[in-house]
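For reference, the structure is listed below as structure tokens.
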Amino acid sequence: MSQLKVNLIKCLSDNYSYIIFNPNSKKAIIVDPAEAKPLVDVVNKLNLNLEYILITHHHEDHVGGNIELKNKFNCKIIGYADDANRIPGIDITIKDKEIFNFEDDEIQLNFSPGHTSGHIFYYFKKSKLAFVGDVVFSLGCGRIFEGNSNDMYKSVMKIKSLPNEVKIFCGHEYTESNLKFCLAYDENNDHLKQRATEVKDLRNKGLPTIPTTVLDEKNTNIFFRCNDKAISQKLGLEGQPPEKVFKKLRELKDNF
Ligand SMILES: [Zn+2]
């Protein structure tokens with residue numbers, strides 16, 4: 001069992017950055033520093049030794065803190081080899097499926113295009129944590145900016161195929177608006193009704209709805225449920241392949 005802990009840090013308006021650390025050794029990783037200040041504060045407060053920054057994709061609200069953090073803590077920035085020229089300050093480039101070690105864990109990089117052409121997610125194999133950037137959100141998935149619906153579908157399915165107990169950490173707090181969309185097209189899903197109560201309760205208290213888990217998303221996230229008969233029926237796509245249902249859902253969500 002891994003000893004790593006995860007701190008969720010609110011950044012900008014609705015971004016989440018993450019600090020993963022071993023409380024004994026104090027060695028730490030940051031995933032997607034949206035901005036430097038709140039992260040610097042936590043690293044200092046917990047007296048952490050920041051070794052690496054992991055980047056899921058090049059968007060400004062995921063790399064905005066790179067240079068300041070690197071200058072301050074002399075850490076190394078890690079990202080996807082094929083997107084290296086868009087990631088500020090990158091030091092170490094990694095390829096799809098490549099694994100690197102941190103403390104007692106093994107972190108696997110997974111190519112997951114669709115939101116951007118060079119998007120990746122990081123899977124901590126022993127701790128069973130996935131940092132997925134803007135591919136999957138709780139009850140939703142990312143917008144398609146570079147690539148097509150099939151790319152995005154495959155990327156979402158890669159996350160769906162992780163073990164049920166894996167915790168999913170995404171880049172934004174979009175759960176409430178995603179919930180409204182899921183309820184509109186999957187209104188008879190009892191898991192979803194239950195999740196709706198939990199989400200409203202958390203948000204009323206001003207708390208994050210993250211992390212979620214692979215199992216919870218399988219039960220409630222409509223983009224994970226393209227094989228569900230009631231959903232394809234509702235869309236008039238009964239008997240159609242799940243890729244088509246996914247494409248339709250993404251289009252509907254874009255205009256929801
Ligand atoms: Zn993005």
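Just so you know, ligand 1 is whichever comes first in the structure, and atom 1 is the first atom listed for that ligand. Any value given below was found using the heavy atoms of this structure, including those in side chains, with hydrogens, waters and symmetry copies removed.
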Exercise for review: Evaluate whether atom NZ of Lys37 has more than 12 neighbouring non-hydrogen atoms of other residues, nucleotides or ligands under 6.0 angstrom away.
Suggested key: no

Exercise for review: Inspect the surroundings of NZ in Lys70 and state if more than 12 heavy atoms from other residues, nucleotides or ligands are less than 6.0 Å away.
Suggested key: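 Atom NZ in Lys70 is packed in, count exceeds 12.
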
Review point. With ring centroids as reference points, do His172 and Phe137 lie under 6.0 angstrom apart?
Key: yes

Check your understanding: Is it true that Lys180 and Glu187 have a side-chain N and a carboxylate O under 4.0 angstrom from each other?
Key ->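 No salt bridge links Lys180 with Glu187.
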
Review point. How about His62: does one of its N, O or S atoms come closer than 2.8 Å to the Zn ion (ligand 1)?
Key: no

Check your understanding: How wide is the angle at the Zn ion (ligand 1) between OD2 of Asp134 and NE2 of His57, to the nearest 10°?
Key -> 90°

Practice item. Please find the N/O/S atom of His59 nearest to the Zn ion (ligand 1) and write down its name. Key: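 Of all N, O or S atoms belonging to His59, ND1 is the one nearest the Zn ion (ligand 1).
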
